[in-house]
Amino acid sequence: MPEIYIIFITSNDVLKRGLPVYTIERTIQETGELFGDKAHIVYVNGSYRGNDKVGWLMHDFNCKDYREMHNSKIAERVRYFKEEPKGVTEMCETMQKIVDRERDDADVKARMDIALNLWSEGEHDLDKISRTTKLSIEQVRRAITVVQPV
């Protein structure tokens, strides 16, 4: 199994112990031994501002002005996306994709809510619910399993 790191950079100190970084390792509960599956979870305290590499990085991640960043590579990329015409265009296109995806997700959720309402009100013809909501049969099934499995 390959070495895997899952890194969560949180906006604040979620474990509330005042540390900049928390490394989580799985253990065998009965023996206390490390499991050794090469899977690691790291929480980075995004509010940490110490005078070290983690503190500087968290500062840079929250910095509004790229000229005040410690890391020159991050500062240059931020400058590119904020000031270079090509970078601004790329950022606008990326943001539009995010907005479109969120709008699509909200639309599907609204239609799944309608499917659930139809099911709850006694309409149990999945094809009819699918046609009415313009959802796939699988999406209708997912929507209605909140109340009752099909």
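Model, not experiment: these values are computed from the prediction.
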* Measure the shortest side-chain to side-chain distance between Thr132 and Glu123 over non-hydrogen atoms and say whether it is less than 4.5 angstrom. => no

* Path from Ile6 to Met1 over hydrophobic side-chain contacts below 4.5 Å -> yes

* To do: Indicate the atoms forming the closest heavy-atom contact of Lys64 with Lys82, along with that distance.
  => O-NZ, 3.2 Å

* Is there side-chain contact between Thr27 and Gln29, with heavy atoms separated by less than 4.5 Å? -> yes

* Asked: Honestly curious: do Ile137 and Val140 fall in one hydrophobic cluster under the side-chain, below-4.5 Å linking rule?
  -> yes

* Side chain proximity check, Leu57 to Phe61, heavy atoms < 4.5 angstrom -> yes

* Asked: What about Ile24 and Leu19, same hydrophobic cluster or not, with Ile/Leu/Val/Met/Phe/Trp/Tyr joined at side-chain heavy-atom distances under 4.5 Å?
  -> yes

* Could you give the distance from CZ (Arg142) to CG (Leu116), rounded to the nearest 0.5 Å? -> 13.5 Å

* **Under 3.5 Å: donor-acceptor pair, side chain of Asp60, backbone of His70** => yes

* Asked: Where does the angle between the aromatic ring planes of Tyr43 and Phe8 fall among parallel (under 30°), tilted (30 to 60°) and perpendicular (over 60°)?
  -> parallel

* Considering only heavy atoms from C-beta outward, does the side chain of Val54 approach that of Val44 to under 4.5 Å? -> yes

* To do: Please examine the side chains of Val108 and Gln139, heavy atoms only from C-beta on, and report whether any two atoms are closer than 4.5 Å.
  => yes

* Asked: Hey, are Glu76 and Lys73 close enough for a salt bridge, meaning a charged N less than 4.0 Å from a carboxylate O?
  -> no

* Asked: Is the shortest distance from a Lys or Arg side-chain nitrogen in Asp100 or Lys97 to a carboxylate oxygen in the other one below 4.0 Å?
  -> no

* Any donor and acceptor pair, going by atom type alone, linking the side chain of Arg49 with main-chain N or O of Gly46 inside 3.5 Å? -> yes

* Structure fact -> All heavy atoms of Asn71 vs all of Ile74, minimum pair found to be OD1-N, 3.0 Å

* Residues Glu90, Glu84; criterion side chain to side chain contact (heavy atoms under 4.5 Å, CB included); working and verdict -> CA-CA 10 Å; Glu90 286 178 40; Glu84 294 291 326; over 6 Å; no

* Asked: Taking atom types as modelled, is there a side-chain donor on Glu25 or Thr23 under 3.5 Å from an acceptor on the other?
  -> no

* Flag the pair Asp127 and Arg131 as a salt bridge only when some basic side-chain nitrogen lies within less than 4.0 angstrom of an acidic carboxylate oxygen. => no

* Asked: According to a 4.5 Å side-chain heavy-atom criterion applied to Ile, Leu, Val, Met, Phe, Trp and Tyr, with indirect links allowed, do Val42 and Leu15 form part of one hydrophobic cluster?
  -> no

* Asked: Taking atom types as modelled and ignoring hydrogens, do the side chains of His40 and Glu3 form a donor-acceptor contact shorter than 3.5 angstrom?
  -> yes

* Asked: Will you find, in the side chains of Glu33 and Thr31, an N or O donor that is under 3.5 Å from an N or O acceptor?
  -> yes

* Determine whether Ile144 and Leu126 make a side-chain contact, defined as any pair of heavy atoms from C-beta on separated by less than 4.5 Å. => yes

* Asked: Between the side chains of Glu121 and Asn117, is a donor N or O closer than 3.5 angstrom to an acceptor N or O?
  -> no

* Can you see which heavy atom on Met69 is nearest to which on Ala75, and at what distance? => SD-CA, 3.6 Å

* Asked: Is the shortest heavy-atom distance from the side chain of Asp105 to the side chain of Lys109 under 4.5 Å?
  -> no

* **Atom pair NE2/OH of His59 and Tyr48 - distance to nearest 0.5 Å** => 13.5 Å

* What distance separates Trp119 CH2 from Arg141 CZ, expressed to the nearest 0.5 Å? -> 9.5 Å

* To do: Would you please say whether a donor-acceptor pair under 3.5 Å links the side chains of Asp13 and Tyr22?
  => yes

* Structure fact -> In this structure, CD of Glu83 is separated from OH of Tyr66 (nearest 0.5 Å) by 3.0 Å

* Asked: Ser130 side chain to Leu135 main-chain N or O, any donor-acceptor pair under 3.5 Å?
  -> yes

* Would you say the side chain of Met58 lies within less than 4.5 Å of the side chain of Ile9, judging by non-hydrogen atoms? -> yes

* To do: Check whether Val78 and Tyr80 end up in the same hydrophobic cluster, where Ile, Leu, Val, Met, Phe, Trp and Tyr are linked by side-chain heavy atoms less than 4.5 Å apart.
  => no

* Ionic contact status for Arg111 with Asp107, cut-off 4.0 Å -> yes

* Could you check Gln96 against Val99 for side chain to side chain contact (heavy atoms under 4.5 Å, CB included), going step by step and ending with a plain yes or no? => CA-CA 5 Å; Gln96 188 60 53; Val99 168; 4.2 Å; yes

* Asked: Quick one: CD1 on Ile7 to OH on Tyr5, what's the gap to the nearest 0.5 Å?
  -> 8.5 Å

